[in-house]
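Worksheet: the structure to be examined is printed underneath.
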Amino acid sequence: MKIYHKFLLYQNKLLKPYVRILLGLVEALTYLASLLLIVGVVYEHGFPLSIDEVANLQTLYKTVWIIFLIDVTLHISLEYRNTKKQYRRLAWILSGLLYFTLVPVIFHRPEEEGAILHIWEFLHGKFYHLLLLLVLSFLNLSNGLVRLLGRRTNPSLILAVSFMAIILIGAGLLMLPRCTVNGITWVDSLFTATSAVCVTGLVPVDVSTTFTTSGLVVIILLIQIGGLGVMTLTSFFAMFFMGNTSIYNQLVVRDMVSSNSLGSLLSTLLYILGFTLVIEGIGMVSIWFSIHGTLGMTLEGELGFAAFHSISAFCNAGFSTLSGNLGNPMVMTNHNWLFITVSLLIIFGGIGFPILVNFKDIVLYHLRRFWKLIRTRKLDRHKMQHLYNLNTKIVLIMTFLLLLIGTLAIAAFEWNGSFAGMPVADKWTQAFFNATCPRTAGFSSVDLASLSVQTLLVYLFLMWVGGGSQSTAGGVKVNAFAVVVLNLVAVLRGTERVEVFGRELSYDSIRRSNATVVMSLGVLFIFIFTLSILEPGVSIMALTFECVSALSTVGSSLNLTPHLCDASKLLVSLLMFIGRVGLITLMLGIVKQKKNTKYRYPSDNIIIN
């Protein structure tokens, strides 16, 4: 018996390397099949097809189906223990649903009418096959992307490449004949896709007249993916469906989504998705009530309008299906609630997911105290201190101050200017709306070219600062701006430490904030200088406004975007990409990191004053 066990052990060691090679080849083939399936589905729904093309696509779908079956079967039969550890319950369910597709292959079509016939036809139908294969394809690609992190690949580089891949896919989708009315150039398509994924809002074409319903669906999907973040979505799919990932993977993803611990990582991802869907759903209902029966649309059209603008507002994208954006005459009068709802969605999207999670913790804490009071009829006198963490306090205070100062300044400068002739309520609503949009939404209700120079300068400042970290907004972020200001105050007061709300700011936070501000100003100078050469007839104010708007992923423009040459559009697209991925993140992915050394040089002082 011992000899038999030794033989099995030897055989296992002998075959294991070959098994791993085989499974690795099958996994690579599965990734390729996943990509081909998505390309095939896009091609089928984007182009008018001939009979031969339909037949070729069916062959492709069947081939992908066979590859998926082989992949799942080999993993279960050859590496059952590892597969059992890696797969979550949902992954097993999806694998079972994949095996159900063999039922119509093994059993003939039932001759008698009834439930069995309906089940057979459903399992044999194209909808079931294609939907299941698409879900498995997305899960495979998400799992593969997250597994790249386990190879010690630079996370910043993976994030940048992921955004670039989604942009290129989006640009290809927008060029499909069914997505546009009369076609679109590749430069405009790339520009629009970049603007959507980077949740900016700058567009070189009129969205309402250029894109069909299919094109608008593509744009809003790109906005949602860009708003949530590619790694947030892929990490969620990989961890929720596929199961265990390496500790290194989880550490990297934890830093990306600002989770407190590895144990709460999946719950943090769930909260991010949950907050997004709930807030966008409430915003959709509110927008629908504000426009119901006033725009001459059908119920389906109103719901589509409400959903599009709710997602666009929460993701701080600034895209609109109306000609002239929200400055369209149909919504400029008697629609104050629409502008207020959009403003609130922009604010919620711009304060950041960590603050929303902190709000959730605070609400749950008070609910527990209230429930305990009802249950025991005794007031719990041990109140928890520091309910609002330091990041939440700074972001909320800075957001409030910027909105207040922006609203008052814009109202003062435009009261008898762009807002002339409006009722008082409309003027204050428009002032609040136009102070909110630079944070970095990009919706417009008035022609920005008609604003006074003072208002444009206020716009530039608000755009440059932007919203909160780990949010859908851009800019240098209110967190970094607040740290720089606090550091300046500490220098002026002659104190060595930067302190606020009974906390001392870390040296790393101060370094990163200063680096972000300096890099932002440096990148803006380079791009403004380059565009001034490419666009010699454009005023420096318009170019500066365009560049700040692009880098801060705002989307506001002085009507310059459609008139840019192709080279300038590509540069502005690059600027939007840099702004969305993040200056520090992008540089970390490009610049080779220096290892920390254990020695230190003697310190010395540089003459500053």
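By convention here, the first residue in the shown sequence is residue 1. What you see below is based on every heavy atom in this structure, not just the backbone, and it leaves out hydrogens, waters and symmetry mates.
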Side-chain heavy-atom pair [X], [Y] within 4.5 angstrom cut-off:
| X | Y | result |
| --- | --- | --- |
| Phe527 | Leu574 | yes |
| Leu134 | Leu37 | yes |
| Val465 | Leu402 | yes |
| Thr516 | Lys477 | no |
| Leu216 | Val207 | yes |
| Val395 | Asn391 | yes |
| Phe314 | Ile346 | no |
| Leu202 | Ser549 | yes |

When you measure from the side chain of [X] to the backbone of [Y], do you find a donor-acceptor pair of N or O atoms at a distance under 3.5 Å?
| X | Y | value |
| --- | --- | --- |
| Ser312 | Phe319 | yes |
| Asn479 | Gly468 | no |
| Tyr61 | His129 | no |
| Thr341 | Ile287 | no |
| Ser310 | Met284 | yes |
| Ser195 | Phe191 | no |
| Ser320 | Leu322 | yes |
| Thr436 | Phe432 | yes |
| Thr194 | Leu190 | yes |
| Arg580 | Thr553 | no |

Measure the spacing between [atom1] of [X] and [atom2] of [Y] and express it to the nearest 0.5 Å.
| X | Y | atom1 | atom2 | result |
| --- | --- | --- | --- | --- |
| Phe339 | Cys437 | CZ | SG | 9.0 Å |
| Phe308 | Thr213 | CZ | OG1 | 11.0 Å |
| Met297 | Leu303 | CE | CG | 11.0 Å |
| Ile184 | Met175 | CD1 | CE | 8.0 Å |
| Leu571 | Asp566 | CG | CG | 11.5 Å |
| Ile578 | Met576 | CD1 | CE | 11.0 Å |

Of all heavy-atom pairs between [X] and [Y], which one has the smallest distance, and what is that distance?
| X | Y | result |
| --- | --- | --- |
| Thr399 | Ile351 | OG1-CG2, 4.3 Å |
| Val181 | Thr212 | N-CG2, 3.9 Å |
| Thr192 | Pro204 | OG1-CD, 3.8 Å |
| Leu174 | Gly215 | CD2-O, 3.9 Å |
| Phe545 | Ser557 | CE2-N, 3.9 Å |
| Asn325 | Gly442 | ND2-O, 4.5 Å |

Open item on the list: So if I apply the side-chain hydrogen bond (donor to acceptor under 3.5 Å, both in side chains) rule between Asn434 and each of Ser445, Ser444, Ser556, Ser343, which one comes out positive?
Closed with: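 For Asn434, the side-chain hydrogen bond (donor to acceptor under 3.5 Å, both in side chains) check succeeds only for Ser445.
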- [ ] Please report the C-alpha distance between Leu564 and Glu546 in whole Å, then the side-chain angles of each, then the deciding distance to 0.1 Å, and finally whether the side chain to side chain contact (heavy atoms under 4.5 Å, CB included) criterion is met.
- [x] CA-CA 11 Å; Leu564 294 172; Glu546 193 83 5; 4.1 Å; yes
Task: Trp337 side chain to Ser286 side chain, donor-acceptor N/O pair below 3.5 angstrom - done: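 Note: Trp337 and Ser286 side chains meet the donor-acceptor criterion.
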- [ ] Walk me through it: do Asp71 and Glu27 pass the test side chain to side chain contact (heavy atoms under 4.5 Å, CB included)?
- [x] CA-CA 7 Å; Asp71 178 58; Glu27 282 182 3; 4.2 Å; yes
- [ ] Please list, chain by chain and in numerical order, all residues satisfying side-chain contact (heavy atoms from CB on, under 4.5 Å) with Leu69, sequence neighbours excluded.
- [x]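 Only Trp65, Leu98, Tyr99, Leu102 meet the side-chain contact (heavy atoms from CB on, under 4.5 Å) criterion with Leu69.
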Open item on the list: Going by side-chain contact (heavy atoms from CB on, under 4.5 Å), name the residues that satisfy it together with Ser513, two or more places apart in sequence or in a different chain.
Closed with: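 Per chain and number, Ser513 pairs via side-chain contact (heavy atoms from CB on, under 4.5 Å) with Ala480, Val483, Val484.
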Open item on the list: Please tell me whether His309 and Phe305 form a close aromatic pair, meaning their ring centres lie under 6.0 Å apart.
Closed with: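 Yes, they do, as the ring centres are separated by less than 6.0 Å.
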TODO: For the pair Glu44 and Lys126, find out whether any cationic side-chain nitrogen is under 4.0 Å from an anionic carboxylate oxygen.
DONE: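 So Glu44 pairs with Lys126 through a salt bridge.
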Task: Verdict with reasoning, Leu524 to Trp464, per side chain to side chain contact (heavy atoms under 4.5 Å, CB included) - done: CA-CA 10 Å; Leu524 282 173; Trp464 179 70; 4.0 Å; yes
TODO: Under the ring-ring contact (aromatic ring centres under 6.0 Å, His included) rule, collect the residues that match up with His292, sequence neighbours excluded.
DONE: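 By the ring-ring contact (aromatic ring centres under 6.0 Å, His included) rule, His292 matches Trp288.
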Task: side chain to side chain contact (heavy atoms under 4.5 Å, CB included) evaluation trace for Phe68 with Val72 - done: CA-CA 6 Å; Phe68 276 139; Val72 172; 5.5 Å; no
